[in-house]
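Here is the naming used below: chain letters follow the sequence lines, and residue numbers restart at 1 for every chain.
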Number of protein chains: 2
Amino acid sequence: MRFNTVTIKDIAKALGLSTSTVSRALRGGYEISEETKKTVTEYAEKINYRPNPIALSLKERRSYSIGIVVCEIANNFFSQAINGMESVAYTAGYNVTITQSHERFDREVLNVEHLASRSVDGLLISLSSESADVSYLKDLHKKGLPIVLFDRVTSEIDTHKVIADNFKGAYDATDYLIKLGHKRIAHFTSSAHLSVTGERLEGYKAALRDHGIPFNEDFVKFCGHGGINQEEIDDATKELLALNERPDAIFIAQDKLSTGCLHAIKKIAPDYFTGIKIAGFTNSNVVDLFNPPITAVRQPAFEMGQAAMELLIHLIESKMPVTEFETRILQTQLIVNNSKY
Amino acid sequence: MRFNTVTIKDIAKALGLSTSTVSRALRGGYEISEETKKTVTEYAEKINYRPNPIALSLKERRSYSIGIVVCEIANNFFSQAINGMESVAYTAGYNVTITQSHERFDREVLNVEHLASRSVDGLLISLSSESADVSYLKDLHKKGLPIVLFDRVTSEIDTHKVIADNFKGAYDATDYLIKLGHKRIAHFTSSAHLSVTGERLEGYKAALRDHGIPFNEDFVKFCGHGGINQEEIDDATKELLALNERPDAIFIAQDKLSTGCLHAIKKIAPDYFTGIKIAGFTNSNVVDLFNPPITAVRQPAFEMGQAAMELLIHLIESKMPVTEFETRILQTQLIVNNSKY
DNA sequence: ATCGTGTTCGGGAACGATTGCACAAAAATA
DNA sequence: TATTTTTGTGCAATCGTTCCCGAACACGAT
């Protein structure tokens, strides 16, 4: 604000009052006469006075703004979740600051620290695929920064969490593939230490087990960078194709991996598409337009964002320190041929 | 920052110095003895001191942060542009704050004003499809807020601008369709008062003219909300299908409209796809997976973001008031069958 | 006449950092 | 030895706002 130099002082000077009186008049302080209040508010209105949020932040040590950290906004799941968060924050009078970690731990730390030093009142974060050590977050949380984890969470931090039912989503997708007659189902997933990776892997295994299909280690491909670089996916695909017994279906655990895998197959072995069935987690709005059709496990991203923001604001505005935390689990949807299955 | 209470005062007290000395020692002031400097910096390091950006913003009336306003982050073009902006800002020591207008004028104004009051050092903005009146931006610009417009610009504001060569992009796409043998080419576009709409429409018209094809008013469909609601697109599609002489190709001027149109046709008249050719502006990373294949006009979004941020930072850091402004025009690419045409 | 008791307002200290100016002590010069 | 210069440090104002205290005044009760 190098401009908008209308301050409370200007009002005070113009009206022959003190800054304290003006401040109280504007805040509706009970100790100010109706008349003064009227004069002040009318004048403030006239000269278009806006309180300086920076000065307020310095004084109040809060900012009415909330920090969001995701790995990529160019990811349908996250952009939808952010929209959900915004919608709740907006009505509650908070602003949001969106940052991206690009799946890198150092960027994540930098973002979080910058947000914290900027006095965000709270933090919504989905961990990067590199984030194995979350002690920096833990410290901040201990110092009193309200945090709500969503999507990629960690048991290291005791706070509210919002996740999709990853186990069930993975189970349903795998189960669907099996019921279509597939028996050799591969699994593409991301970094092994992400919460979602484990949960989805378990769902996949459980579905196999329930149908008496043996689990094959070779069929599981971890792409540590979560689809950030296509090369990783290409390599995994090649490995799969090099197997004696090629898989006849693939279940993919991540949005970017799903499209990445389609690209890879299309590029490396387009004929392989015939007969193979692919199901994967994705919140893309255009899955129904995909040529090798894909069965989508869709997360309620918008609702997850809303829930996370609601929990965070509750945490921020709670008078008492909150000690009971909840993990909200939202159900996924299996989308087959553009309709709910 | 309700925690991280390590301030310059704490250091001063602990070391028996004044705050001014500590400040100067940390800043590397030439007037401080080497010994004191060392003591101070070492102690600051030890207790992990971080200067409070809020206090700095208040004092310096700048924040080393840059505001970005786009209509939707869930749009490939914008998320890619944002990545370009971030990359430049990051190396120059600036942070970015991303906000969304959701194609609404009131949200845009709210975002801009919030950013300005938060002392952003500059603003990068692509106008919403509702933004006909930009006087609020003009005022801010006059007051000294550095602004760079990108993508959807306006001639109302005299400043740096970064756009794609929309005319040529549209011309190339239309020309491509014509050369494939199509003569009845419809045009889907968004709000009429957006700069990009006009430029792309002109490119479309010019290509028709150059090939001696008459311009048909009925073939042009304006979707004012830019693809935010699918209904609008469905209606436009129906109108097109109801024509006596149905178009045999469509050129689409917007990312969301392109996919929206594919959805519409797929839903309303799937058989219509046979023989019809679609070309459209889109920065989707998955166009090659689309079933009704689409010829894409791809904007160099990342580079546009970089250019815009470079120009803005230049504006911010310029000692002299800048009076000469440039409009940087970047070339689009026609992507046919997943490769540059 | 004195003492509460409101009511309405102003003074001034915070919040964290920078910085012009003043001032001391030490060093250099006359 | 006296004076000037250099060097290192502190004081206090500033940014815009809030809020604790206290001041001034009026009014009714004692």
Side-chain angles (χ1 to χ4, degrees), chain A residues 1-41 43-44 47-65 114 116-121 144, chain B residues 1-41 43-44 47-65 114 116-121 144:
Chain A
M1 207 151 78
R2 76 192 70 195
F3 21 78
N4 188 19
T5 22
V6 181
T7 78
I8 217 167
K9 267 187 202 164
D10 301 324
I11 302 181
K13 204 177 291 173
L15 265 42
L17 293 169
S18 76
T19 58
S20 5
T21 306
V22 175
S23 171
R24 270 180 285 242
L26 291 171
R27 294 254 144 195
Y30 59 94
E31 34 195 354
I32 303 294
S33 69
E34 283 307 318
E35 202 190 324
T36 315
K37 264 187 198 168
K38 197 162 161 255
T39 326
V40 171
T41 47
Y43 185 73
I47 62 171
N48 197 30
Y49 166 78
R50 294 271 176 278
N52 182 332
I54 302 221
L56 278 176
S57 295
L58 182 60
K59 185 97 183 61
E60 306 292 318
R61 312 178 111 180
R62 66 171 301 182
S63 59
Y64 281 97
S65 73
H114 178 253
S117 76
R118 282 261 160 209
S119 288
V120 289
D121 297 346
Chain B
M1 206 152 79
R2 73 191 74 194
F3 24 79
N4 189 19
T5 20
V6 181
T7 79
I8 215 168
K9 268 187 204 165
D10 301 325
I11 302 181
K13 204 178 289 174
L15 263 43
L17 293 169
S18 76
T19 57
S20 20
T21 308
V22 175
S23 171
R24 272 181 279 245
L26 257 27
R27 293 253 143 195
Y30 58 94
E31 35 200 349
I32 303 293
S33 70
E34 282 307 318
E35 203 189 322
T36 315
K37 264 188 198 168
K38 196 161 160 257
T39 327
V40 171
T41 47
Y43 184 74
I47 62 171
N48 196 31
Y49 165 78
R50 294 270 177 279
N52 182 333
I54 301 222
L56 279 177
S57 294
L58 184 59
K59 181 103 182 62
E60 307 292 321
R61 315 179 108 184
R62 65 172 301 182
S63 59
Y64 280 98
S65 72
H114 178 253
S117 75
R118 282 261 161 212
S119 288
V120 288
D121 296 346

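- Here the shortest heavy-atom pairing between A:Leu56 and A:Pro51 reads CD1-CB, 4.3 Å.
- Atom OH of A:Tyr43 has more than 12 heavy atoms from other residues, nucleotides or ligands within 6.0 Å.
- Judged by distance alone with a 3.5 Å cut-off, no donor-acceptor contact links the side chain of A:Thr7 to the base of D:dC15.
- In the set C:dT19, C:dG10, D:dT17, D:dT17 carries the atom at the smallest distance from any side-chain atom of A:Ile8.
- In this structure, CZ of A:Arg61 is placed 15 Å from C1' of D:dC19, rounded to the nearest angstrom.
- Side-chain N or O atoms of A:Ser23 include none that pairs as donor or acceptor with a backbone N or O of A:Thr19 at under 3.5 Å.
- Using a 4.0 Å cut-off, some side-chain N or O of A:Ser18 falls inside it from OP1 or OP2 of C:dG10.
- The nucleotide whose nearest atom lies closest to any side-chain atom of B:Thr19 is, among D:dA12, D:dG16, D:dT9, D:dA12.
- Distance B:Arg62 CZ to D:dC15 P: 18 Å, rounded to the nearest Å.
- Side-chain N/O atoms of B:Ser23 include one lying less than 4.0 angstrom from OP1 or OP2 on C:dT18.
- Closest to the side chain of B:Arg27, out of C:dC15, C:dA17, C:dG10, is C:dA17.
- Taking atom OH of residue A:Tyr64 and atom C1' of nucleotide D:dT17, one finds them 14 Å apart after rounding to whole Å.
- The heavy-atom pair separating A:Ser57 from B:Ile54 by the smallest distance is CB-CD1, 3.5 Å.
- For B:Lys59, the side-chain atoms get nearest to C:dT18 when compared with the rest of D:dG10, C:dT18, C:dC9.
- Computed from coordinates, the B:Lys38 NZ to D:dG8 P distance equals 16 Å when rounded to whole Å.
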Please enumerate all protein N or O atoms sitting under 3.5 Å from an N or O of nucleotides 4-8 of chain C, with distances to 0.1 Å.
none

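- With C:dG16, D:dG10, C:dG10 as the choices, the nucleotide that has an atom nearest any side-chain atom of A:Thr21 turns out to be C:dG10.
- Contact between A:Ser117 and B:Asn52 at its shortest, heavy atoms only, is O-OD1, 4.2 Å.
- Side-chain proximity of B:Arg24 to D:dG16, C:dG12, D:dG10: nearest is D:dG10.
- Straight-line distance from the NZ atom of B:Lys9 to the C1' atom of C:dA17: 10 Å, rounded to whole Å.
- Minimum heavy-atom separation, B:Tyr49 to B:Leu26: CE2-CD2, 3.6 Å.
- At whole-Å resolution of the value, CG in B:Leu26 and P in C:dT19 are 13 Å apart.
- Rounded to an integer number of Å, the gap from B:Leu56 CG to D:dG16 P is 15 Å.
- Distance A:Leu58 CG to D:dT14 C1': 12 Å, rounded to the nearest Å.
- Across all strands, A:Leu17 comes closer than 4.0 Å only to sugar-phosphate atoms, never to a base (heavy-atom distances).
- Of the candidates D:dT17, C:dT19, D:dC19, the closest approach to any side-chain atom of B:Glu60 belongs to C:dT19.
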